[in-house]
Number of protein chains: 2
Amino acid sequence: MQLTRERIVTAAIGLIEREGAEAVSMRRVATELGCGVMSLYNHVPSKSALLDFVAERVMSAIEFSPVPGASLADEVRAQARAFRAITRSYPRCTMVAVSRPTTSVTGMLPMEHALATLRAAGFSGVEAVHIVRAFVAYIVGSLLREMGVSPGLAPDGSAHRPALDPAEFPQVTALAGELLRKDPDADFEFGLELLTRAIEALRPARVS
Amino acid sequence: MQLTRERIVTAAIGLIEREGAEAVSMRRVATELGCGVMSLYNHVPSKSALLDFVAERVMSAIEFSPVPGASLADEVRAQARAFRAITRSYPRCTMVAVSRPTTSVTGMLPMEHALATLRAAGFSGVEAVHIVRAFVAYIVGSLLREMGVSPGLAPDGSAHRPALDPAEFPQVTALAGELLRKDPDADFEFGLELLTRAIEALRPARVS
DNA sequence: ACCTGAACACCGTTCAAGT
DNA sequence: ACCTGAACACCGTTCAAGT
């Protein structure tokens, strides 16, 4: 089969999902595709660029289903969840996507959508940009915590949890159960609700 | 001079700050210290562990100056800013710190502090944990956006900004100036204010 | 135009040998 | 106990040669 950028990116994504971001090498991708390493360079300028294309593909997988009569809060929540949903399709690729600046056209579509929603709700352009940035920061930070792993290098599985001193860390030890409990959905929804209510309170009175 | 873990971590931090995270290699660190590569392994089990120690050092550099009579909002803001301030001292190390889970004792100190503040303000343990997580997600996401670079691999400087179609991207093109303006402080403060107000509104009526 | 092997300058880590 | 050189199995990318 013909070697194309599409196929190369697909192979890279598969590799990342199966073995993690640190497993990706040009040589691995090449053998995956049954070609020589250098053949890749006819379709992709560098490894860094390849990962950019991976990021682009992941980001363009964000799906909006704009509900017609939705309130501002509902629309904001829906878009934030759609963003986070890519984690479901590409759990490990999400990290590489999120940690490199997207310059692609399709990567700008969520931004366009979000700005339109906020402007329609009465926010100024400057406010809209600020709000989107705050939400993106929160979502990206949530994804990073949820995946819990560096995109580049996996942390050692060394479970040398050093036993905290209850006198020095009264709160942490008291809430250890809660702190160790993993419920990414609940965590995400909690912060999302905080931000959503905050922008509702910020919304100009003059509803269009 | 004696080779110690301290010196190795310091050398790694210096290397990261000077040349970026992707420049760190055991061999580079060794030559930096004027010793053989393998000597490092007497004090550090692996490269991954070395980066964990880097993260620990960076995180433990967070400085709190607990203002006595401060309001909840002021305390929360102060702690969030203190977290973000490590970016000033370790601009590039921050990214490696933030993208690997901290299991160290000193890394738990900010958490302890934040939980204490929130509990003193009347929040339950479960609420406090949720709130801290939301703030951490926001702060980490902000840092990631601010540094704009993957911890592992630098993005290509290829400025192939592909010229958006104004018909397809009316908001983005209209707000291009605002979107390209870089003011990380203002961005951070905006979102911080959103979250702070949100938890103020959430606070239980019964003030202790 | 597309493919490719050899080669270069790198990696992290194991192992056996030194002191 | 600490250091270390050689070696192994990898990297990304250049270059010159093929078709």
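Just so it is clear, the structure is predicted and the values come from calculations on it, not from any experiment. In what follows, every chain begins at residue 1, and chains take the letters A, B, ... in the order their sequences are listed.
Whole-Å rounding puts the Met38(B) CE to dC8(D) C1' distance at 12 Å. Atom OH of Tyr41(A) is separated from atom P of dA7(C) by 18 Å (rounded to the nearest Å). Atom CG of Leu15(A) and atom C1' of dC10(D) are 15 Å apart (whole Å). Atom NZ of Lys47(A) and atom C1' of dC10(D) are 12 Å apart (whole Å). Going from atom CD1 of Ile8(B) over to atom P of dC3(D) covers 8 Å, rounded to whole Å. Separating the CZ atom of Arg27(B) from the C1' atom of dG5(D) is a distance of 11 Å, rounded to the nearest angstrom. Protein atom CD of Glu22(A) is 13 Å distant from nucleotide atom C1' of dG12(C), rounded to whole Å. With rounding to whole Å, Arg7(B) atom CZ is found 15 Å from dC2(D) atom P.
Among Arg18(B), Arg7(B), Arg27(B), the single residue meeting the salt bridge (charged side-chain N to carboxylate O under 4.0 Å, His left out) criterion with Glu32(B) is Arg18(B).
Distances shorter than 4.0 Å separate some side-chain N or O of His43(B) from OP1 or OP2 on dC3(D). Phosphate proximity of dC3(C) to Gln2(A): present, with a side-chain N or O under 4.0 Å from OP1 or OP2.
The structure places OG1 of Thr196(A) at 9.0 Å from CG of Asp74(A), a figure rounded to the nearest 0.5 Å.
Side-chain contact, Glu127(A) with Ser124(A): a donor N or O sits under 3.5 Å from an acceptor N or O. Thr117(A) and Gln79(A) are linked by a side-chain donor-acceptor pair at a separation below 3.5 angstrom, with hydrogens and angles left out of the test.
Closest approach to the Ser39(A) side chain among dG12(D), dA7(D), dC3(C) is made by dC3(C) (side chain taken as heavy atoms from C-beta onward). In this structure, of dG12(D), dC2(C), dA7(D), it is dC2(C) that holds the atom nearest to the side chain of Asn42(A). Nearest nucleotide to the side chain of Arg28(B), out of dC3(D), dT13(D), dC11(C): dC11(C).
You'll find the ring centres of Phe188(B) and Tyr138(B) inside the 6.0 Å limit.
Both distances falling under 3.5 Å, in either a Watson-Crick or a G-U wobble arrangement, place dA6(D) opposite dT14(C).
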